[in-house]
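Some notes on the structure that comes next.
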Amino acid sequence: MANPYFPKLVTIEKITIENEARDLKTFRLAFCNRDDKKSFKYECGQFAMLSVPGAGESPIGIASSPLDEQYLEFTVKCYPTGVVTTALHNLEEGARIGVRGPYGNSFPLKELERKNVLIVGGGFAFTTLRSTIRYMLNEKSRARFENITVIYGARSPGELIYKPELKEWEERDEIEMYVTVDRGDEDWKGREGFVPAVLQEIAPSSENAIVLVCGPPIMLKFTMLPLLDLGFSPDRIITSLERRMSCGIGKCGRCNIGTMYVCKDGPVLSYKQIQELSEEIF
Amino acid sequence: MLQGLIKKEDLKKLIASVKKEGTFYGLIRGSEGLSLSELGPDDEVTLDYSNFKMPPKRQFFPFSEVICTYEDESMTDLPLSEEKAVIFGVRPCDALSLLYLDKIFIDEKFTDPYYRSRRDNSLIISLACREPLKTCFCTSVGASPAGKKGADILAFEVKDSLLFEACSEKGTRFMENYPAIFKKPGKADIKARDEEVSAAEKRVQTIDLSGITEKLQGCFDSPLWEEISQRCLGCGVCTYTCPTCHCFGLYDEKVELKGRRIRVQDSCMFPSFTLEASGHNPRTSNEERMRQRIMHKFRYTVENFEDIFCVGCGRCISNCPVNMDIRETLAEVIK
Ligand SMILES: Cc1cc2nc3c(=O)[nH]c(=O)nc-3n(C[C@H](O)[C@H](O)[C@H](O)COP(=O)(O)OP(=O)(O)OC[C@H]3O[C@@H](n4cnc5c(N)ncnc54)[C@H](O)[C@@H]3O)c2cc1C
Ligand code: SF4
Ligand code: SF4
Ligand code: FES
């Protein structure tokens, strides 16, 4: 009987510090065992449990794209009181940790085909959206999607993550990028303003379009109204939920909301599904 | 249906025979009251009880268990238990609870191997109830003093004997294994059993739960939860002693480079259950947690599995330090 709680061994190949506060790091992982690599088939929007022996496990969204065949990436925020995230941030390249998954559902990429795709992200919740953008921009898949528009915001320029990639995307024709910060500094020449305001200003068309939106609860709360105003119906607004987790496989009960377990029935949900829950989500 | 009569004093023989292949668990009165314990042929099997404190889920889903160990950077998962076990004396309500736990721990996509192996290797002999407690309400939630669901064998006390009735193939095979121990029951034995059963059924108090799920669907935001939860201390005893509560957490313990990952039962009645690293907590108040516990058992599981995850054992009532009574809570909801 396969043991679903038992992690697969991986090596940390590369660590990238993503922000000025140095509390966001991207871990590039490689499976130590070939079969494990083969059996780890994931889709954009899914997450995995990162396991640091001695500290425990944390659910983290997969930040690389399924078409990145050579590696697996996760971007992790370190919380000062967080046991696992602190332990992870203390590790160095070459260290070994565990991964189990992939878990949860994924962004409905099939439904996005032949449609305009709007991506709205805030803060470090941009990780699985980055996976999706990388996937869509891949030459193998780009033709399946119409216009791709990205609005991404962070508190300050130093807090924007994946900076080299953002720059690369800004230079490409197949994607329209709007990067914004809440407050700029003297070197910042880009856009300033909160994500919902920028969204209203750009006013992307909702025609034949679906929006994927991830961010802190407060951003989500203030983004829904402008999206509805733009004509996105609740079933075409797709987001990803976060709940404290332990097992990741629908057993421990921790992530339960109504009849749903975020770890197996989510984390990806439409705004329509969220409205139907009794609990207020954001 | 295979039936067999065994003299109470001959239970020792059965225990001795079972011991050759596995472990026989039955009830012993110890310093902490009655509990399921490993029995030897010389132990006195207790039959004189209404129910015991810790539900039988503990046999399959222990309070805590190690699921893997690690040293340096390598991890090893713990081998599954291969112990063959006969569990004797479980009450029918508790036997039913195991079928509910199965729905959680055993499913197509992910099966909990620790739970599963113990379930597969165990045989459940339930003992029909003669003296329901004041806190029992099994017949209102699909269980009953002589309910067979979840049992491999259902045993009845008939005077100085026990009447065993196989309720599953596993139970039939077990009884067939010990032809020398079981006698064929007579008509008088069956009659005595029937009388006991209907007397016990009549003694169970009932509550009216009709429409409970629909009511719960409509009262998520009701002020009722505040009222109901006022007395609750949030101690979690109701969930630890409930035979169907199955929430847990996985934690690491480490000394130097050696350590282990442990699965520990947890409770939705604790604020830490849902507390996230950022400090955000979707269920901050006692009121929300009480609502979650009731909603989960009487609404969400009904919508997901068509079963109320309560077997009416009354443990949450008798163990609550402030005498919260789930029957009153449910009555408030229905009102
Ligand atoms: C589907 C999903 C995807 C996520 N993706 C990312 C990501 O890409 N990057 C990132 O930095 N963070 C992500 N998180 C949040 C991340 O899981 C928590 O920040 C992290 O578990 C905190 O762990 P800790 O041990 O440092 O904190 P502690 O407070 O010590 O928490 C102890 C344990 O509680 C659980 N836990 C605590 N907070 C959370 C939480 N917010 N969500 C889930 N479990 C929690 C974990 O099992 C954790 O090990 C995601 C959460 C979910 C549910
Ligand atoms: S046992 Fe009683 S006091 Fe303790 S959490 Fe349950 S209802 Fe509250
Ligand atoms: S909720 Fe209470 S009465 Fe129902 S099964 Fe659990 S402990 Fe027993
Ligand atoms: S994390 Fe355990 S049920 Fe979802």
Side-chain angles (χ1 to χ4, degrees), chain A residues 1-9 11 32 49 51-58 77-87 94-98 103 216-217 241-265 277-282, chain B residues 67-78 80 104-105 107 109-117 217 220-221 245-255 257-261 263 266 268 272-283 288 291-292 295-296 299-304:
Chain A
M1 217 181 312
N3 185 348
Y5 302 117
F6 194 68
K8 308 281 194 303
L9 204 61
T11 305
C32 296
M49 283 286 175
S51 167
V52 186
E57 298 183 301
S58 274
K77 177 175 167 87
C78 172
Y79 285 98
T81 54
V83 178
V84 179
T85 55
T86 303
R96 290 187 164 183
I97 60 169
Y103 295 136
L241 282 192
E242 213 179 292
R243 273 292 181 277
R244 179 163 180 166
M245 293 184 178
S246 200
C247 70
I249 55 174
K251 312 261 176 257
C252 76
R254 210 169 279 274
C255 68
N256 174 244
I257 307 180
T259 53
M260 163 178 103
Y261 290 91
V262 176
C263 66
K264 76 178 169 75
D265 307 311
L277 296 170
S278 313
E279 250 166 86
E280 194 176 304
I281 303 298
F282 43 75
Chain B
I67 57 168
C68 66
T69 57
Y70 41 82
E71 197 168 349
D72 289 325
E73 286 177 330
S74 72
M75 296 186 107
T76 321
D77 59 345
L78 245 70
L80 301 178
I104 301 293
F105 287 117
D107 74 24
K109 200 156 174 217
F110 297 109
T111 284
D112 185 304
Y114 301 97
Y115 177 87
R116 172 82 193 253
S117 60
Q217 281 160 348
F220 194 86
D221 294 315
C245 277
H246 54 270
C247 290
F248 65 83
L250 298 166
Y251 300 97
D252 279 29
E253 258 184 11
K254 187 172 156 185
V255 184
L257 291 174
K258 276 192 194 172
R260 48 195 199 163
R261 183 156 294 154
R263 189 216 350 229
D266 205 339
C268 64
S272 60
F273 189 66
T274 46
L275 177 65
E276 294 165 17
S278 59
H280 172 243
N281 193 342
R283 288 201 285 270
E288 290 163 303
R291 175 176 67 196
Q292 167 68 13
M295 286 272 180
H296 196 192
R299 172 182 161 190
Y300 305 151
T301 54
V302 176
E303 292 173 21
N304 280 340

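All chains are named by letter (A, B, ...) in the order of the sequence lines, taking the proteins before the strands, and each is independently numbered beginning at 1.
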Does any N or O in the side chain of [X] come within less than 3.5 Å of the main-chain N or O of [Y], such that one atom is a donor and the other an acceptor?
X: A:Arg244; Y: B:Glu276; result: no
X: B:Tyr70; Y: A:Gly54; result: yes
X: A:Lys251; Y: B:Cys247; result: no
X: A:Thr259; Y: B:Tyr300; result: no
X: A:Arg254; Y: B:Phe273; result: yes
X: B:Asp77; Y: A:Phe6; result: no

Can you see which heavy atom on B:Lys254 is nearest to which on A:Pro53, and at what distance?
NZ-O, 4.1 Å
Under 4.5 Å heavy-atom distance to chain A, tell me which part of B:Cys268 shows up: side chain, backbone, both or neither.
neither
Bottom line for A:Pro7: the part with an atom under 4.5 Å from chain B's heavy atoms is side chain
For the residue pair A:Tyr5 and B:Tyr114, does the interplanar ring angle fall in the parallel (under 30°), tilted (30 to 60°) or perpendicular (over 60°) class?
parallel
Results of ring pair (Phe, Tyr, Trp, His ring centres under 6.0 Å) for B:Tyr115 - residues two or more places apart only
B:Phe105
Interface residues of residues 78-86 of chain A facing chain B - heavy atom cut-off under 4.5 Å:
A:Tyr79, A:Thr81
